[in-house]
Amino acid sequence: MSTLAISEVNGVFELLKDRSIPEYAYQMRLAMPAIAETYSGAAEILALDYYDNQRSLAPALGSAYAAKLGAYDFTDEIDSAVGYSVARLTKEAPQQKVLGMLAGSMQRAVANADRSTVNFNVVTDPDGTAYERIPQSDACAFCLTMAAVAGVQDDNYFNKYHDYCRCVTMPVFTGQSNTELPIYGQTREAYDLAGSELQAERRAVGYNDYRSADAAKKFPELTLTTENHLRKMRQ
């Protein structure tokens, strides 16, 4: 679905890229939501089939349940992408970069329709225990960390997906365990090592001698955030 949606975005952008900014903005604000509605809707239907199939493969469950549509809303995401594209074109940014951003936002919106459908059904299914984020084999450090380290309860991070992210959401049912990919152990070791290095650097500059707010302001690169852990892991 994402590939088809991106193709639609490419076609619309090709038609509008040389129009005046007001006309581009008007037409794009009509086209992008229409594309998102079509393909995110299709992604939701496919997610229902996927969920029911995964449930049928689980060991004998104690309840009957059929997947249902949730309340996924792409409006803010798509509106923001269009607005940003208008701003970038107004500043004469390279058209290909603007198109890349628009296509990426559309891909994320369509993929999130699938993910949110699975998430919604796990919560409402009597035998749904959790959902897990499964990265692809070539996933970036961010996605690996979100899958291997971040818990579902940490909604600020676990449910963040970048443009063109191909992580999928998999339901976990009663009696099943979460997936443990071989790369997860290595990712956790790298995350822990990054945390140790941050702590060592904090001690070296006397980070803990300051009040928490003052320390974070003076040494933002040493706060124990996921972003700083990832920076160390990439290094």
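Since the model is a prediction, treat every value here as computed from it, not as a measurement.
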Using 30° and 60° as the class boundaries, would you call the ring planes of F13 and Y24 parallel, tilted or perpendicular?
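Perpendicular, since the angle between the ring planes exceeds 60°.
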How many angstroms lie between [atom1] in [X] and [atom2] in [Y], if you round to the nearest 0.5 Å?
X    : Y    : atom1 : atom2 : result
T179 : I134 : OG1   : CD1   : 4.0 Å
Y50  : R55  : OH    : CZ    : 14.0 Å
I21  : E92  : CD1   : CD    : 9.0 Å
L198 : R203 : CG    : CZ    : 10.5 Å
L102 : Q107 : CG    : CD    : 13.5 Å
K68  : D52  : NZ    : CG    : 9.5 Å

Can you name the residues that form a salt bridge (charged side-chain N to carboxylate O under 4.0 Å, His left out) with [X], not counting sequence neighbours?
X    : value
R188 : E180
E197 : none
D138 : R166

Is there a side-chain contact between [X] and [Y] (heavy atoms, below 4.5 Å)?
X    : Y    : answer
N112 : E77  : yes
L224 : R202 : yes
L16  : M28  : yes
L4   : T38  : no
R133 : C165 : yes

For [X] against [Y], the heavy-atom pair lying closest together:
X    : Y    : value
L230 : A141 : CD2-O, 3.6 Å
G62  : D127 : N-OD2, 3.1 Å
Y184 : A147 : OH-CB, 3.6 Å
V122 : P171 : CG2-CB, 3.6 Å
Y164 : G104 : OH-N, 3.2 Å
Y39  : M1   : CD2-O, 3.8 Å

Please walk me through it: do Q186 and L144 pass side chain to side chain contact (heavy atoms under 4.5 Å, CB included)?
CA-CA 10 Å; Q186 181 181 345; L144 287 174; over 6 Å; no
Side chain to side chain contact (heavy atoms under 4.5 Å, CB included) between M233 and T187, worked out:
CA-CA 9 Å; M233 290 169 70; T187 302; 4.1 Å; yes
Show your reasoning for whether side chain to side chain contact (heavy atoms under 4.5 Å, CB included) applies to T129 and Q176.
CA-CA 9 Å; T129 63; Q176 293 182 325; over 6 Å; no
One pair to check against side chain to side chain contact (heavy atoms under 4.5 Å, CB included): M32 and M106. What are the steps and the verdict?
CA-CA 8 Å; M32 287 287 284; M106 182 61 70; 3.7 Å; yes
Ring centers of F173, Y51 separated by less than 6.0 Å:
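Ring centres of Y51 and F173 closer than 6.0 Å.
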Taking atom [atom1] of [X] as the centre, report whether more than 12 heavy atoms of other residues, nucleotides or ligands fall under 6.0 Å from it.
X    : atom1 : value
F219 : CZ    : yes
E201 : CD    : yes
D76  : CG    : no
E14  : CD    : no

Salt bridge or not between D214 and R211? Use side-chain N to carboxylate O under 4.0 Å.
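So D214 pairs with R211 through a salt bridge.
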Assess the side chains of N228 and T223: does a donor N or O sit below 3.5 Å from an acceptor N or O?
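The criterion, which ignores hydrogens and geometry beyond distance, is satisfied for T223 and N228.
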